[in-house]
Structure formats: C-alpha cells, structure tokens
Amino acid sequence: MSDATVTLSPTENVINAPATEVDGHDPSMLISMRDIWKTYQMGTEKVHALHGVSFDIPRGEYIAIIGPSGSGKSTLMNLIGCLDTPTQGQYWLNGKNVSEMDDDELARIRNQEVGFVFQTFNLLARATALHNVELPLIYGGVSASQRHEMAKQALTAVDLTDRMSHKPNELSGGQRQRVAIARALVNHPSILLADEPTGALDSHTSAEIMDLFERLHSEGNTIIVVTHEHDIAERAHRVISIRDGMIEKDERIR
Amino acid sequence: MRILRSDIYENLKMALATLRANKLRSFLTVFGVVIGIITVMLIASIISGIDVSVTREVESFGTRSIYISKFSPGIQIGRRSREERMRKELTYDDAIALQSLPAIELSVPFLDITNNPFGQKLMVSGGGKTSAQVALQGTLPEFEKAGTQVISEGRFFTQTENDTNQLVCVVGSKVADDFFKIGSPLAQTIKIGPQEFRVVGVLEQREQFLIGGGSDDQNNVIYVPFNVAQKLKPNADDIYILAVARAGLMEEAKDQVRDTLRVRRQVPFAANDNFGMETSESILDNFRSITAGLAIAMVVISSVGLMVGGIGVMNIMLVSVTERTREIGVRKAIGARRADIMWQFLIEAATLTGLGGVVGLSIGWGLTLLLRLLLPSYVPLWAPIGGLLASVGIGLVFGLWPAWKAARLDPIESLRYE
Ligand SMILES: Nc1ncnc2c1ncn2[C@@H]1O[C@H](COP(=O)(O)OP(=O)(O)O)[C@@H](O)[C@H]1O
Ligand SMILES: [Mg+2]
C-alpha cells in the first residue's frame, strides 16, 4: 500500500483541460484515457461499446462508474483493468502506455497494478481463504514465506483473521467478498476495481462492504466501483455516468 | 523465463488437489497408462530373466570354448540348404591338427553315435530298463580338461583305454538315475548296443533351462572312448570338435582355427567357410537378437497402452479445461500469464499420468516378484525409470493441446462463462 499513500488533490475540472500534458497525457495522473474506442464486430455490423471516452483519475480517488445496463460500464472496466485493449485511443496507467502492451505485459500489469473484485466473488472453491489470497503473489513470483505473511496481513486488514483456513463454502457471502477484497489488495495494487461488488449481497452485508471500501480509501487506496445502483454510487467522491458508450456526466460529489 | 521451482511445487500441489477431488475419474483415465507400465515391467523382467538363465547356461559350456561343426551356426528353421548337407564331414585328424595351434589349449573330437531315424539303432539298457533316447558320444579323455563337464564320482576314461579299445564309459546324471536305481553306478555295467560297458565315472548334474527345452537331455548322455565309438557304429561320421582357446586369446584362436580348417577343407580364396564355429558369445549374440525383437514387441505393445491412456488423458483434460473456464478467467485476471496457465494444466496432466505410472510400477513390481518364483528374473533399472519417464511424458504430450487451449482462453469471456 506504500505507493498508494501519495494522495494528490484532484483538480477541479478533470475532463476538460488537463494542466500539464506530456505526450498527450498528464504524467501526474494514475489513469489517463484519451479518446478510447471499443468496437465489436457482430457479423457485418459494428457495435461501438465505447466511443471516444477520455478522463483522468489521480491517485487516491474513490470513483463510481454508473450507467444503465448495456451502456459500456463493464467494457470500460475491463479496459481500466487491462483485461482488454482499446480498439482505438491511448490509455496510460501509472505513466505506462497500456494500449500498446502485449498479452504477457498486460498480465504483469494486472498482477502488480490492479486488484479485481467481482460481483460473484470468483474464489477458487477448493482452496482456503489464505490460499486464495496468496494466488496473485504466486503469479508475482513472491517466495512462499513472504507470501504467507502478506496474505495474512491482507486478511487481517479485512477482519478475517479467524477465517484464514476456511474454504469459500464455509464462509458467508460478505465474508467471501472480503476474501476477494483481500486477494485484490494483497499485491498493493495502484487501483482497486470492483464490478457490482454488492450485486450478490443483501443490503446489510452490502453496507458492510461499502464501509470497508470507504476505510480502504481513507487508507490511501484508489478505488473504482462499477454499479447501476445510485446509493452505492453516492458513497464515492466522484461519479462518472456513462450512457451508450459515452461519458454523460463526470461530477465530484464530495 | 519465470518458471520458478516454487511455481512447479505450487502447480504440483494444485494438481494433486484437483486429482484428489476427482479420484475415480482420474483413475479410470490413467488405466491405459497403468496397463502400459505393467507391460513394460513384466516383459522387461521376463526378458531379463530369460537372459540371465540363458547366459548362465551358455557360459557353462565355457567362455573359451569353440564348437566346430560342418554346419553353419545360428538358429535353423526348416531344412538346411543342399550345399550345407553335401559338405564333407569334419575328421578326427582335423581335431588333432587344431590341437597344435598356438592359441589353442586343447581340441577334442566328438563322434555322435546317438540313435537317429536313418542310422543303425544302438539301444542302451541296464537295471531292467532299455532306452533309445540316450545321447551317445565318442570322445577323448582330454575333454575333461575343457571343464565343461565335471566328474562327481569316479574318473574320466584314459588315453590308454581309448587306444586299447576298452569298453568303459562316463555317464550323465540322468543316466545314472535311470539305469542304476540302487547303489553307485561305478564299476557296474551298462549295455550299449551289443556290448557291456563298465561305468568308470559319473558326471555332475547340469543346470539347464532353455537349451533342450527344459527337459533333462543334457544329463541323459554317455561318453565312450572315441575309438570304441567308431567300432560300435563303423559308418558313423557325424563329427564335431570342441576347441578351447588359451586364456585371453579367444580372437586369435578363432582366426587360427578358421585359417587351418579352410586350408584342410580346401576352401577357395574368397569363398565362404564350409564349416561353422560357435562360441558362447556367438550363441548369446544370436539369442539376444531374438530378445531384442521381443523388446521391440514390448515397446510396441506398451506404446499402444500408453497411447490409449494418453488419449484418455487428453479427453479428461479437455473436459477439465471447460469445467474450469471461470477459474482460468480468474487466474488470468489476477495476473497469470499464458505460460502460467499452460504449465498448470501440463503439470496436472503429467501428475495424473505420472501417478498412473507409479501405480503401474507398483503392480508391475509385485508381479515381477511372483515371476521370480519361476525365473531368475530381475527388473532392469531402465524399466522403472523408462516407465516413469514415459508416463510423465505421455501426460506432457497429450496434455499439450488442452493446456494450450486453456492458455489461449480470453479472460473476459472466461469470467463470464457459467
Ligand atoms: N464481446 C462482445 N461482443 C459484442 N458486443 C459486446 C461484447 N461485449 C459487450 N458488447 C456490447 O457492448 C455494449 C456494452 O456492454 P457492457 O460493457 O457489458 O455494458 P454494461 O456493463 O454497462 O451493461 C453492449 O451493447 C454489449 O452488447
Ligand atoms: Mg456489466
């Protein structure tokens, strides 16, 4: 979490006039997207999931991306998380141009810079909570003993100290999501990306998870939550609304 | 390359966990591999067992012995060629001539006067029993020095007994048992054809396994003086010669014997020998060319088993990749590269077949222990090592395609997979 502690104060108008552009992006920003297009070929027809999206995100922000179903939220999220590359446009993450990276470089970025939290948790069913959290460290080449320490720390950070050796089916939904959050945090990534993180949880548990996000943000993490629920989006400090693959509104609410 | 030892260890742990979760399916899948490995172990130990027995037996005829006959050596299938059958016989004088060669320690002729379908019958009788099955050989007392037959009781006949046509004989252990049920055969008589022979010596029993088809033929033999044999069967001309090389001079001895016999038998320059020489080495070479064929057959048979196993493994791994599409998506999302996914499934496949190999080796090993009750067999080291390598290799080869499919999966689609 050491690199995330540098919290820059977000500029007032993030979209329109970035102050210090170098090579067409602002190097002080954690995320810089410039005129991003994502086009799918459906038979003879072209579907533009995103058309011409640009924005900047400084370190330490807590952002919600909101929009109706089919508006392009997940597509944008996959691009931010480097699971996919844009059809057109430039994406700088931490000063690196991600839009030109190959498969293995993207895997490395996902491992080091991004922590994913999914709606359905996506834990390995046969592995214990501890092993699930260790997994990103295995792919990061961290030694076994260090891995163990780091995974324990991450589980402690989400208040699961006493559930480390439990398998997912021995945990409640909220606990599973907290394991998933620990897994996302264990590598100290630059961004925590959550796609509908409370979609599978009841309202009480959802509130718990949202409290956890708030705490993680206050500890310096950059958090992006994708949701279609307004009360979830309102917990963030900045809300980007998208519709039909375009940014409709980008406002600071806190 | 970031394939650290810890990665392989992690993958191995993951693979074992997966296999444990699907015990029955895993076992059925590797059944072919198990059978293949058992085949390798069994046939390898059978071959080794036969090899040990044959080597032991062949070498008991002397590692320095050269057996010379008018026929070409090797395994004879069907009738010998006309040229071979028309060759002139070896003679007593040939044997004596070889005796004086520098690399030859001793050389003795044998005259075979055993009953044969065309010749005159010489029945052997004694102790109330009569048989036409005993091998009758005329030879010289020098034969004893060859060390291939050992006297257990009494003595060999002497040169004087040969020269003066004494009716004495040395009998094999089976003859001693069959014809002299009570007391020692020594100084007793046995009737060969029309004449009574005095037994002066009894031979030690020879172990025998393959030569003679496991029967006791090697011990069902009577040796008489060469001259006496000639008189017993005046038209007999079936002579062969045993020459023993001096220590360390086996090659020279063979050359000298060949050169001498070619001259004595007037073989034209550049023509092939009109006689055959066999040594324990040449007999073993011959034999091993047969077991090599067997070994190839073994490789083919077990390859079929391993192939069947391999295809089963490929099938099950493809199923596994499909079942775990979402898991693959998650792994990719948290930073697994293509190579990581590839290794995961390759190691899983190799662990599966490797365990099949271990099961096969254990069962096979148990069976070879049973086999040891029948044959002096052992399992050559290459069999378990080769078997294990082959089974792991099968997993790697047949796991390649499923692993490649897994590695190529698109992370976004995999994450969406239900
Ligand atoms: N792999 C794909 N192939 C074709 N069209 C796609 C694909 N992924 C997304 N789309 C389309 O792109 C648009 C945006 O999708 P998505 O980003 O999933 O929306 P959201 O997450 O906001 O519901 C939709 O019209 C969807 O049909
Ligand atoms: Mg979506």
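Every chain is numbered from 1 and lettered A, B, ... according to where its sequence line falls, protein lines coming before strand lines.
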Worksheet entry | Lys/Arg cation over aromatic B:Trp401: B:Lys405, 6.0 Å, 45° cone | yes
Worksheet item: Checking heavy atoms, do the side chain of B:Arg338, its backbone, both or neither come under 4.5 Å from chain A?
Response: both
Discussion item. Can you tell me which residue among B:Leu369, B:Ile363, B:Leu371 is in a side-chain contact (heavy atoms from CB on, under 4.5 Å) with B:Leu367?
Written reply: B:Ile363
[X], part contacting chain B, at a heavy-atom distance under 4.5 Å:
| X | answer |
| --- | --- |
| A:Asn122 | both |
| A:Asn78 | side chain |
| A:Leu124 | side chain |

Worksheet entry | B:Arg324 side chain to B:Ser414 side chain, donor-acceptor N/O pair below 3.5 angstrom | no
Worksheet entry | Within 6.0 angstrom of A:Met101 CE, more than 12 heavy atoms from elsewhere | yes
